[in-house]
**Student:** 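Input: one structure, supplied below.
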Amino acid sequence: MIKLTLGYSTLADRVERMVEPPRHDDWESILSVQNPSGESWETARSKELGERADVSIELLESKGVAKSRNRAIWLARGEYLVFSDDDITFDVKGLEKAIALLDANPKHSLLLAQAVDESGKLRKRYPKKVTKLNSLNSARAATYEMIIRVDAVRQFGVQFDERFGAGAENYLGDEYIFIVDLLRAGGKAVFAPITIAQHPTESSGSRWGSDADRRARAIIFTRVFGALAPLVRLPFGVRRLKELGSLKNLLLFVFGR
């Protein structure tokens with residue numbers, strides 16, 4: 001049986017530059033290529049990847065990483081699935097350690113791990129020990145930090161909200177929303193301080209500079225908390241006042257403007 005599926009999402013014009021998926025005896029990789037314009041994308045690089053017995057390529061006429069993630073959930077043959085962008089370098093030993101933790105805790109539907117940047121520095125402040133996830137402490141999750149137990153997620157009927165994430169109008173928050181939806185469906189999720197990936201410093205999740213970024217983040221909390229969203233946005237915004245830039249922007253964020 002395949003133990004782990006690595007679900008990659010990329011665009012047709014980025015396949016040539018994507019990081020090589022790791023090789024492992026009982027792992028597979030699924031590469032979902034978004035190609036809504038129907039452009040030519042097959043190159044020597046794509047053929048090289050396609051010739052690997054452990055790699056399958058799925059061509060999507062749609063756009064949006066959430067659609068790619070959902071496709072990976074249903075195509076995965078592995079017991080576990082870790083999501084990936086095309087610029088992620090995975091730590092094989094870290095993934096093996098994360099899998100061992102999931103094997104030892106069969107009630108866990110999702111494990112959130114940690115990642116480093118190019119210099120080997122942790123990308124953000126993570127908890128120091130295994131921590132139960134809830135709707136208030138999982139908002140900073142990144143897709144490539146998430147490992148799911150495939151059968152459990154399928155049974156709960158949870159998928160990524162395709163209105164959110166890169167390529168969608170609401171271009172942030174798909175990971176957080178997925179975790180909260182899974183918890184509300186009855187799944188159990190934890191964070192563990194296990195480094196499983198390296199990702200470049202700059203990413204969409206680190207963007208705060210524009211009005212669009214502020215509004216995109218506000219919409220995430222509306223999706224998760226509904227009418228109670230302003231009460232959650234206030235303390236979150238206070239902690240991020242520097243990134244928001246001013247008290248005026250803080251108020252606009254709190255009221256979802």
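Please read all numbers here as calculations on a predicted model, not as lab measurements.
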**Student:** Please report the closest heavy-atom contact between Asp174 and Gly165, naming both atoms and the distance.
**Tutor:** OD1-CA, 3.4 Å
**Student:** Can you confirm if the aromatic rings of Tyr144 and Tyr8 lie within a centre distance of less than 6.0 Å?
**Tutor:** no
**Student:** Decide whether Leu110 and Leu136 are clustered together by the hydrophobic rule: side chain heavy atoms of Ile, Leu, Val, Met, Phe, Trp, Tyr closer than 4.5 Å, transitively.
**Tutor:** no
**Student:** Apply side-chain contact (heavy atoms from CB on, under 4.5 Å) to Leu252 and Arg214, showing your working.
**Tutor:** CA-CA 8 Å; Leu252 289 171; Arg214 183 191 67 241; 3.7 Å; yes
**Student:** Could you tell me whether the side chain of Leu11 reaches within less than 4.5 Å of the side chain of Asp86, counting heavy atoms only?
**Tutor:** no
**Student:** For a 4.5 angstrom cut-off between non-hydrogen side-chain atoms, does Arg154 reach Trp74?
**Tutor:** yes
**Student:** Considering the options Asp151, Asp103, Thr5, which one meets the side-chain hydrogen bond (donor to acceptor under 3.5 Å, both in side chains) requirement together with Tyr80?
**Tutor:** Asp103
**Student:** Given Phe83 and Ile147, is the side-chain contact (heavy atoms from CB on, under 4.5 Å) satisfied, shown in steps?
**Tutor:** CA-CA 7 Å; Phe83 299 100; Ile147 306 175; over 6 Å; no
**Student:** List the steps, then state whether salt bridge (charged side-chain N to carboxylate O under 4.0 Å, His left out) holds for Asp117 with Arg123.
**Tutor:** CA-CA 6 Å; Asp117 62 19; Arg123 286 182 49 81; over 6 Å; no
**Student:** side-chain hydrogen bond (donor to acceptor under 3.5 Å, both in side chains) for Glu118 and His199? Distances and angles first, verdict last.
**Tutor:** CA-CA 7 Å; Glu118 306 95 320; His199 187 275; over 6 Å; no
**Student:** Can you hop from Val238 to Val254 via hydrophobic side chains spaced under 4.5 Å?
**Tutor:** yes
**Student:** Apply the test side-chain hydrogen bond (donor to acceptor under 3.5 Å, both in side chains) to residues Ser68 and Ser32: give CA-CA distance (whole Å), side-chain angles for both, the deciding distance (0.1 Å), then the verdict.
**Tutor:** CA-CA 6 Å; Ser68 297; Ser32 296; 4.8 Å; no
**Student:** Which atom pair, heavy atoms only, marks the closest approach of Leu111 to Ala98?
**Tutor:** CD2-CB, 3.5 Å
**Student:** Minimum heavy-atom separation for Ala192 and Leu101, please, with both atom names.
**Tutor:** CB-CD1, 3.8 Å
**Student:** Do Leu231 and Phe221 come within less than 4.5 Å of each other through their side chains, counting heavy atoms only?
**Tutor:** no
**Student:** Could you tell me the separation between the OG atom of Ser109 and the CD atom of Gln155, rounded to the nearest 0.5 Å?
**Tutor:** 9.0 Å
**Student:** If you look only at pairs with a residue in residues 68-84, which of them pass as a salt bridge (charged side-chain N to carboxylate O under 4.0 Å, His left out), with sequence neighbours excluded?
**Tutor:** Lys3-Glu79, Glu28-Arg77, Glu58-Arg71, Arg69-Asp85, Glu79-Arg149
**Student:** What pair of heavy atoms forms the shortest contact from Arg239 to Glu243, and how long is it?
**Tutor:** O-OE1, 4.4 Å
**Student:** Report the C-alpha distance between Arg163 and Glu169 in whole Å, list the side-chain angles of each, state the deciding distance to 0.1 Å, and finish with yes or no for side-chain contact (heavy atoms from CB on, under 4.5 Å).
**Tutor:** CA-CA 7 Å; Arg163 298 171 298 173; Glu169 182 178 356; over 6 Å; no
**Student:** Identify each donor-acceptor pair in which a side-chain atom of residues 175-186 lies under 3.5 Å from a protein atom, sequence neighbours left out, and give them as a table.
**Tutor:**
unit_1: Glu175; atom_1: OE2; unit_2: Thr143; atom_2: N; d: 3.4
unit_1: Glu175; atom_1: OE2; unit_2: Thr143; atom_2: OG1; d: 2.6
unit_1: Tyr176; atom_1: OH; unit_2: Ser135; atom_2: O; d: 2.4
unit_1: Asp181; atom_1: OD1; unit_2: Arg223; atom_2: NH1; d: 3.3
unit_1: Asp181; atom_1: OD2; unit_2: Arg223; atom_2: NH2; d: 2.7
unit_1: Arg184; atom_1: NH1; unit_2: Val224; atom_2: O; d: 2.8
unit_1: Arg184; atom_1: NH2; unit_2: Val224; atom_2: O; d: 3.0

**Student:** With distance as the sole test, does Gln34 use its side chain to make a donor-acceptor pair with the main-chain N or O of Gly64 at under 3.5 Å?
**Tutor:** yes
**Student:** Give me the atom names and distance for the closest heavy-atom approach of Val65 to Ser9.
**Tutor:** CG1-OG, 3.8 Å
**Student:** Which is it for Thr222 and Arg233 under the side-chain contact (heavy atoms from CB on, under 4.5 Å) test, yes or no, and what are the steps along the way?
**Tutor:** CA-CA 9 Å; Thr222 299; Arg233 285 196 290 256; 3.0 Å; yes
**Student:** Given side chains that start at C-beta, do those of Pro21 and Leu49 come closer than 4.5 Å, heavy atoms only?
**Tutor:** yes
**Student:** Compare every heavy atom of Lys129 with every heavy atom of Thr131, then report the nearest pair and how far apart it is.
**Tutor:** OG1-O, 2.9 Å
**Student:** Within the 4.5 Å heavy-atom criterion, are Val92 and His24 side-chain neighbours or not?
**Tutor:** yes
**Student:** As a quick check of understanding, evaluate salt bridge (charged side-chain N to carboxylate O under 4.0 Å, His left out) for Asp91 and Lys93, giving each step before the final call.
**Tutor:** CA-CA 6 Å; Asp91 183 320; Lys93 291 188 180 300; over 6 Å; no
**Student:** Same cluster or not: Leu102 versus Val190, using hydrophobic residues (I, L, V, M, F, W, Y) connected whenever any side-chain heavy atoms lie under 4.5 Å apart?
**Tutor:** yes
**Student:** Kindly say whether Asp54 contributes a backbone atom to a donor-acceptor pair with the side chain of Arg23 at under 3.5 angstrom?
**Tutor:** no
**Student:** Judged by atom type as modelled, is there a donor-acceptor pair below 3.5 Å linking the side chain of Glu145 to the main-chain atoms of Ala142?
**Tutor:** yes
**Student:** Hey, is the main chain of Gly256 close enough, under 3.5 Å, to the side chain of Arg215 for a donor-acceptor pair?
**Tutor:** no
**Student:** Any donor and acceptor pair, going by atom type alone, linking the side chain of Asn137 with main-chain N or O of Lys132 inside 3.5 Å?
**Tutor:** yes
